[in-house]
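Note sheet for the following structure.
Residue numbers start from 1 in every chain, and the chains themselves are labelled A, B, ... in the order their sequence lines are given, proteins ahead of strands.
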Amino acid sequence: MTEIKADDSLDLRGVLCPINFVKTKLKLEEMDAGSHLEVLLDDGDPIANVPQSVKEEGHQIMKVGKADGGHYRMLIKKA
Amino acid sequence: MTYSEDWIERYSRHIILSEVGGDGQQKIGNAKVLVLGAGGLGSPVALYLAAAGVGTIGIADNDVVDLSNLQRQVLHHTPDIGRPKVESAAEKMRLINPDLDIKPYQQMVDSSNIMDIIKDYDIVVDGTDNFPTRFLVNDACYFAKKPLVHGAILRFDGQAFTIVPDEGPCYRCIFPEPPPAGSVPNCSQAGILGSVAGIIGTVQATEVLKLILGKGKTLTGRLLVVDTLDMSFRQTKIRKDPACPICGENPTVTELVDYEWVC
Ligand SMILES: [Zn+2]
């Protein structure tokens, strides 16, 4: 499987709910449909909530994986 | 577009809504809304529009705050008694949201000034408490092609209605002329349960935000009638009346009219 390259990224480590989702949403608004956004999220509430909210907005979660620092790396494809 | 951290945080609960988002919140920030009356209806309208971030809010009223207002006019606090209502209103709105351009008009709208005042605004909210002004505002907004959100309260009852010129009926399609003098209670003698002003005023504020966002179905062609003793919310379909004296086929009202005050 070929690695998808993110067109943009957001480091939301240390950003609480729901501001992490709000920032993800604002970033996605300015991106083109079909492009990819990589987001770094903390464990706990952020990783439990943000992917769900992003899906509810109609975007696709391409990948979620745990990174070395204990946080998560999520790749979104904009609808 | 870069947003400030404060902006993102202040409006986060709006931005989360799929009907709003960053784009919608910017539309709210660019909107110009005129609130006529800083009383029972104008209070919740002004407070919620300021909190929502409506970028320019005009508020017009020529009264001063009276002790008897405080039971329902939640913009005004006890230390405001004796102050012009628009001054008290502007202060409260700026405290909620310092980023806004608040324009107080310490005057009563009449046929000589209303066209000049409304021309700078996108949407007008009627929070006035008398029939002469209500008809004047309807007519002025029809002539200027401005959307108007109407509200009225009496005793335990309230009504709200949104008028989008040429898209739906106007106030005169329902009530062609003001009621004859003496047929309605004198404004200052009419009882009003204070919280009813909150119900109708927040309906008006919500209609304004929907008009700005272009989302949902406004109360265009639908009169919302609230009876809080039953706690019933009913809607009456209103059709554009071809015989309406202002928006009908053969209009008889072709200029603004200052009706006699019935109270
Ligand atoms: Zn009409």
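- Interface residues of residues 19-55 of chain B toward chain A, defined by a heavy-atom distance below 4.5 Å and sorted by number: B:G21, B:G22, B:D23.
- The only member of B:I118, B:I114, B:I117 that meets side chain to side chain contact (heavy atoms under 4.5 Å, CB included) when paired with B:V124 is B:I118.
- The salt bridge (charged side-chain N to carboxylate O under 4.0 Å, His left out) check on B:D6 picks up nothing, with sequence neighbours excluded.
- Counting only distance, with no hydrogens or angles, the side chain of B:K92 and the backbone of B:L75 share a donor-acceptor pair below 3.5 Å.
- In this structure, A:H36 and A:K5 have side chains that are not in contact, with every pair of non-hydrogen atoms separated by 4.5 Å or more.
- Remark: A:K78 does not engage A:E57 in a salt bridge, criterion side-chain N to carboxylate O under 4.0 Å.
- Between the CD atom of B:E5 and the CH2 atom of B:W7 there is a distance of 12.0 Å, given to the nearest 0.5 Å.
- Within the 4.5 Å cutoff, no side-chain heavy atoms of B:Y3 are placed close to those of B:I15.
- Residue-level contacts of residues 212-239 of chain B with chain A do not occur; threshold 4.5 Å between heavy atoms.
- By the 4.0 Å N-to-carboxylate-O rule, B:K210 lies close enough to B:E207 to be salt-bridged with it.
- In this structure, A:K25 contributes its side chain and B:I16 its backbone to a donor-acceptor pair below 3.5 Å.
- Counting only heavy atoms from C-beta outward, the side chains of B:K85 and B:N69 approach each other to under 4.5 Å.
- Checking side-chain atoms of B:H76 against main-chain N and O of B:L70 turns up no donor-acceptor pair under 3.5 Å.
- Looking only at side-chain heavy atoms (C-beta outward), B:V149 and B:L211 come within less than 4.5 Å of each other.
- Side-chain contact check for A:K27 versus A:M31: some heavy-atom pair is nearer than 4.5 Å.
- Among residues 6-22 of chain A, the residues having any heavy atom closer than 4.5 Å to a heavy atom of chain B are, in sequence order, A:P18, A:I19, A:F21, A:V22.
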